[in-house]
Amino acid sequence: WGPLSFDARVLDISRKGIGTILYDAGIVLTPGTRLRRARIEHPKRTVLVSLEVRHTKKIVLRDGRPAMRAGCRFIGARHDIDDLIRLFVTKLAG
């Protein structure tokens, strides 16, 4: 996010590039925000995509900590989006 960075977890992603991320409640993202060149790291591959925030919602994790959940459009080359989907499905199946 420019010179700033933060950790987030990809929760899901669809074939059309719509997905959800989970991140710290102290970070403020508003609908329309574009996170350019977001680095999504996986043990098998790092993928760079942009994220466009569509909506956000404050949630409470199972352990009682607050967090934010954002619906995003993942923007990148088709092969990068396909790789993300494969990595996500592999994680679920494993």
Practice task
Say whether Ile27 and Leu51 are linked into one hydrophobic cluster, either directly or through other cluster members, by side-chain heavy-atom distances under 4.5 angstrom.
Solution key: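 Looking at the clustering, Leu51 is in the same group as Ile27.
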Heavy-atom pair with the smallest gap, counting every atom of [X] and [Y]:
X	Y	answer
Val49	Gly76	CG1-CA, 4.5 Å
Val47	Asp80	CG1-CB, 3.7 Å
Ile18	Phe74	C-CD1, 4.4 Å
Lys58	Ala25	CE-CB, 4.5 Å
Ile85	Arg15	CD1-CA, 3.4 Å

Practice task
Under 4.5 Å between side-chain heavy atoms, chaining through other members, with only Ile, Leu, Val, Met, Phe, Trp and Tyr counted: pull out the rest of the cluster around Leu11, sorted by chain and number.
Solution key: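 Leu11 shares its hydrophobic cluster with Leu22, Ile59, Leu61.
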Practice task
Could you name each residue pair satisfying side-chain hydrogen bond (donor to acceptor under 3.5 Å, both in side chains) that touches residues 17-26, not counting sequence neighbours?
Solution key: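 Of all non-adjacent pairs touching residues 17-26, those that pass side-chain hydrogen bond (donor to acceptor under 3.5 Å, both in side chains) are Asp12-Thr20.
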Handout entry: Exceeds 12 heavy-atom contacts within 6.0 angstrom, atom CZ of Arg37
Key =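 Check fails, neighbour count at 12 or below.
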Please table the atom pairs, donor to acceptor, closer than 3.5 Å between any side-chain atom in residues 62-71 and protein atoms at least two apart or in another chain.
unit_1, atom_1, unit_2, atom_2, d
Asp63, OD1, Arg65, N, 3.0
Asp63, OD1, Arg65, NE, 3.3
Asp63, OD2, Arg65, NE, 2.7
Asp63, OD2, Arg65, NH2, 3.2

Practice task
Answer yes or no: is there a side-chain heavy-atom contact under 4.5 Å between Arg54 and Pro31?
Solution key: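 No. Closest side-chain heavy atoms not under 4.5 Å.
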Practice task
Check whether any side-chain heavy atom of Arg45 sits under 4.5 Å from a side-chain heavy atom of Arg86, and report yes or no.
Solution key: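 Side-chain contact under 4.5 Å: no.
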Problem - Derivation of the side chain to side chain contact (heavy atoms under 4.5 Å, CB included) call for Thr46 and Ile40 - result: CA-CA 6 Å; Thr46 297; Ile40 299 175; over 6 Å; no
Problem - Between CG on residue Leu29 and SG on residue Cys72, distance to nearest 0.5 Å - result: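 The CG atom of Leu29 sits 7.5 Å away from the SG atom of Cys72.
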Problem - Atom pair CD1/CD1 of Ile13 and Ile21 - distance to nearest 0.5 Å - result: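 One gets 11.5 Å once the value is rounded to the nearest 0.5 Å.
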